[in-house]
Amino acid sequence: MVVAVPVGTWLAGRFPQTPEQYDAHLERSATLTGGVATQVLHAAAEEVIYRGVMLVTVMAVMAFVSRRWPWLRAVLVAAAAGTSVALFAVHHVEYGIANVLSCVVHGSVWVVVALVARSVWPTTAMHAGYNVAVLVP
């Protein structure tokens, strides 16, 4: 997170949003009861979808492959993590290239955290914190 936020901020400055992308971001932020609640709920949903599914897949692979083929286990975990990051980034394409690149950086960090913690709770907190920080002008 310490590295991801400055990198995301740097990327945002390099690839400015179009007015349509900015309006889409504001529209997404203004729904429900307010911007902060929306950002926290979006973060939780995205973490369950992208990191949660990946964790379940990795746990199933670990149970099946366990000690039989350690090289295959590493390949499958890397494939699940890479797919998670790619899908997460593609999901944010409507907000511009800076957002996609930022999602690759953040998604990569959050995948590692989810794998190490074996939980999506830490990544949900990090993701919600980032979303709220971006919301504040």
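Just so we're clear, the structure is a prediction, and the values are computed from it rather than from any experiment.
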Exercise. What pairs meet the salt bridge (Lys or Arg N to Asp or Glu O under 4.0 Å) rule with one or both residues in residues 74-86, with sequence neighbours excluded?
Worked result: none

Exercise. Are Trp71 and Leu76 in one and the same hydrophobic cluster, where Ile, Leu, Val, Met, Phe, Trp and Tyr link if side-chain heavy atoms are under 4.5 Å apart?
Worked result: yes

Problem set entry | Smallest separation among heavy atoms of Ala89 and Cys103, with atom names | CA-CB, 3.8 Å

Only pairs under 3.5 Å count here: list side-chain donor-acceptor contacts from residues 50-61, not counting sequence neighbours, and write none if there are none.
residue, atom, partner, partner atom, Å
Tyr50, OH, His91, ND1, 3.3
Arg51, NE, Glu47, OE1, 2.9
Arg51, NH2, Glu47, OE2, 2.8
Thr57, OG1, Val53, O, 2.9

For this session: Say whether Leu115 and Val85 are linked into one hydrophobic cluster, either directly or through other cluster members, by side-chain heavy-atom distances under 4.5 angstrom.
Result: yes

For this session: Please examine the side chains of Trp110 and Glu46, heavy atoms only from C-beta on, and report whether any two atoms are closer than 4.5 Å.
Result: no

Problem set entry | Hydrophobic cluster identity match, Val100 and Ile49, side-chain contacts under 4.5 Å | no

Exercise. Checking Ser108 side chain against Val104 main chain: does a donor-acceptor pair fall under 3.5 Å?
Worked result: yes

Exercise. So, Ser102 side chain and Ala98 main chain: donor-acceptor pair closer than 3.5 Å or not?
Worked result: no

Exercise. When hydrophobic residues are tied together by side-chain contacts of less than 4.5 Å, even through go-betweens, does Val120 share a cluster with Val77?
Worked result: yes

Exercise. So Tyr95 and His92, would you call those rings parallel, tilted or perpendicular, with 30° and 60° as cut-offs?
Worked result: tilted

For this session: Please report the closest heavy-atom contact between Val111 and Ala81, naming both atoms and the distance.
Result: CG1-CB, 3.3 Å

